[in-house]
Amino acid sequence: MTEHEHKHVRVAVIGSGFGGLGAAVRLRREGITDFVVLERASDVGGTWRDNSYPGCACDVPSHLYSFSFAPNPDWPRTFSGQEHIRAYLEHVADVFRLRPHIRFDSEVKRMTWDPELLRWDIEIAGGTSQAFGSGGGSLSADVVVSATGPLSDPKIPEIPGLESFPGKVFHSARWDHDYDLTGKRVAMVGTGASAIQIVPAIQPKVAGLTLFQRTPPWVMPRVDRAISGAERWLHKQVPFTTQARRGLLWGIRELQVQAFTKHPNELGFVERLAKANMARAVKDPALRAKLTPDYRIGCKRILLSSEYYPALTRPNVDVVASGLREIRGNTLVAADGSEAEVDAVIFGTGFRVTDMPIAERVVGADGRTLAESWKDGMESLRGAAAAGFPNWMTIIGPNTGLGNSSMILMIESQLNYMADYLRQLDVLGGRAALDARPSAVHAWNRRVQDRMRRTVWNTGGCTSWYLDAGGRNTTIWPGTTSEFRRATRRVDLAEYEVLRAPAADSSADRAADSADRPEVTA
């Protein structure tokens, strides 16, 4: 195959994190081998490849934060670190023989729906794989599964003077491991899930650490421990024990959901526990006042750390209870007027979740991008399909996020939906496509938003990354993972319009596509 020869596959998967690898495994288990995984980086792992900052770890227990079809009896800790999760994903790619399907260093620049040929034309920059050779160019696919994930593109706020800051600047998801923080004056901007892990990890080595805190988080202890050799031996020898452990972890979290979704006032007891946790570590009442949230616990994600509060009490740490307003040379100025001289600025300011950049690169049936279609807020059918974008599905789409459990559960539910979607296309036969009906999309989202009204995420009195620019929660699923699994078990064809290729062209197109398909073997 020449470098820019056109290639065609049945399914193109975008991304090789949990969602992309899970989709690839499911495709193979469905007997589909005519697919490619397009990955913009040089290895698998998604957010667990990109986030390698000091202290990076998961806040979901290890045995629940893994695929049900690929249990890992050998997790070293109850809450795994980034290196262990990344190694797990690499293991999945190897064990399920996915690497021949993956085209690395392949950034998708644009995906355009062809209404005549009923396929997606994909423009790619770069790329190497065993099956597709090297170089950029074009690719087409009958179906696109977008698994780029919401935690893939860092968000750095527009701060006046940032571009002229003479020191080092980077985001937590793009950690500069060549820059030595030892003895430096460092500013940490943000107090989210990444920041509360970074702060205790770097505090012992820096000369000074200034934490710019716009909103204090609720923090509970992280009860982490090493998993003993005996436990790991038992899980290997008796696989049912691994399943039982996972099931118990899942069940506890399912029972917690009602407090978040239906009875937020019941979370008052948890707030008292969180305040007691803070009081044990922070004796200074002035510092405690800065660190005490004024919103209902759970409105933002509850963070887990046993080291964060103790680190903030150290002499070389200063908590500024205000956001960063501007930068003047080496001086950072907070909204409250306080100033700090620093050598480096680390942003722990999250990701582009409600305005995912991939949406700007997807062009649908009417020539509009997905971003334009979602200008008033993201919405999709069952978290997967968007009206006007036939044969396009997203993994971890709108309103599929969780506030208290493992996203792997939601991903696997969406993989069930993807598998049935492809089966329905097979049943239809010939060249066909499914386009979500606008009425079905709107009906689904009305139900979701109606349920959202009384949840803690909408009534808790906070502003969070769950909310879009219009204040609508387009991120979180307002129910249990069991409910979502039932809702995505099967594709209801009544919710879709069936598209057919022009009869005169369909046989010729199928023959041309067949000739274009590369031979992909495991």
Side-chain angles (χ1 to χ4, degrees), residues 47 50-57 59 81-83 151 153-217 219 222 278 281-282 284 286-288 290-291 303-351 465:
T47 193
D50 297 341
N51 286 269
S52 58
Y53 58 79
C56 183
D59 60 0
Q82 174 264 344
E83 68 277 16
L151 307 183
D153 291 275
K155 180 174 64 177
I156 294 181
E158 295 182 5
I159 306 294
L162 178 61
E163 69 285 350
S164 59
F165 177 69
K168 190 70 178 178
V169 178
F170 53 87
H171 190 277
S172 59
R174 300 292 185 267
W175 195 271
D176 188 340
H177 291 277
D178 294 328
Y179 184 76
D180 187 4
L181 292 174
T182 303
K184 300 293 195 304
R185 300 168 300 174
V186 179
M188 181 79 229
V189 182
T191 52
S194 298
I196 71 158
Q197 295 178 343
I198 293 169
V199 166
I202 68 173
Q203 175 272 321
K205 66 172 64 174
V206 301
L209 177 59
T210 303
L211 176 66
F212 286 85
Q213 171 194 268
R214 189 172 58 180
T215 308
V219 181
R222 184 167 176 260
M278 184 196 305
V282 182
D284 180 3
L287 181 56
R288 277 205 310 275
K290 288 182 180 181
L291 299 176
L303 305 183
L304 304 181
S305 176
S306 299
E307 293 81 33
Y308 179 64
Y309 285 144
L312 298 183
T313 67
R314 301 295 184 256
N316 64 335
V317 178
D318 182 30
V319 177
V320 177
S322 179
L324 179 59
R325 186 181 70 198
E326 63 177 311
I327 298 176
R328 304 172 189 157
N330 278 95
T331 302
L332 273 60
V333 184
D336 65 1
S338 57
E339 299 181 357
E341 295 279 338
V342 302
D343 305 304
V345 180
I346 302 170
F347 284 96
T349 44
F351 300 85
W465 58 267

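These values consider heavy atoms only, across backbone and side chains, with no hydrogens, waters or symmetry-generated copies. Quick caveat: nothing in here was measured; it's all calculated off a predicted structure.
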| Distance, nearest 0.5 Å, that separates CG of D59 from CG of L304 | 5.5 Å
| request: State the CG-NZ distance between N316 and K205, to the nearest 0.5 angstrom. | output: 13.0 Å
| query | Mind checking whether Y179 and I346 have side chains closer than 4.5 Å, heavy atoms only? | reply | no
| Are the aromatic rings of H171 and F351 close, with centres under 6.0 Å apart? | yes
| request: Calculate, to the nearest 0.5 Å, the distance between atoms CZ and CG belonging to R288 and L312 respectively. | output: 13.5 Å
| field | Closest contact, heavy atoms only, P54 versus I202 | value | CG-CG2, 4.2 Å
| task | Measure the spacing between OG of S164 and CZ of R328 and express it to the nearest 0.5 Å. | result | 11.5 Å
| request: Identify the two heavy atoms, one from P217 and one from Y309, that lie closest to each other, and give their separation to 0.1 Å. | output: O-OH, 3.9 Å
| note | All heavy atoms of Y53 vs all of I198, minimum pair found to be CD1-CG1, 3.3 Å
| request: For the pair Q213 and L291, evaluate side chain to side chain contact (heavy atoms under 4.5 Å, CB included) and give the outcome as yes or no after the intermediate values. | output: CA-CA 9 Å; Q213 171 194 268; L291 299 176; 3.5 Å; yes
| request: Could you pull out the closest heavy-atom pair between V219 and S305, with the gap in Å? | output: CG1-O, 3.7 Å
| said: Quick check: do L162 and I156 have side-chain heavy atoms less than 4.5 Å from each other? | reply: yes
| query | Which residue, K168, R185, K184, forms the salt bridge (Lys or Arg N to Asp or Glu O under 4.0 Å) with D343? | reply | R185
| message | So, taking the atom named OG1 in T210 and the one named CD in E339, what distance separates them when rounded to the nearest 0.5 Å? | response | 11.5 Å
| field | Rounded distance [0.5 Å steps], CZ in R222 versus CD in Q197 | value | 6.5 Å
| Shortest non-hydrogen separation from N330 to P166 and the atoms involved | OD1-CG, 3.1 Å
| field | Sub-4.5 Å side-chain heavy-atom contact between D284 and T313 | value | no
| query | If only atom types and distance count, is the side chain of S172 paired as donor or acceptor with the main-chain N or O of A195 below 3.5 Å? | reply | no
| task | Please state whether the rings of W175 and F170 are parallel, tilted or perpendicular, taking 30° and 60° as the class boundaries. | result | perpendicular
| request: Apply the test side chain to side chain contact (heavy atoms under 4.5 Å, CB included) to residues D50 and R174: give CA-CA distance (whole Å), side-chain angles for both, the deciding distance (0.1 Å), then the verdict. | output: CA-CA 7 Å; D50 297 341; R174 300 292 185 267; 3.6 Å; yes
| task | Determine yes or no for a side-chain-to-main-chain donor-acceptor pair under 3.5 angstrom, with T349 supplying the side chain and K155 the backbone. | result | yes
| task | Might you point out which heavy atoms bring F212 and A334 nearest each other, and give the distance in Å? | result | CE2-CB, 3.8 Å
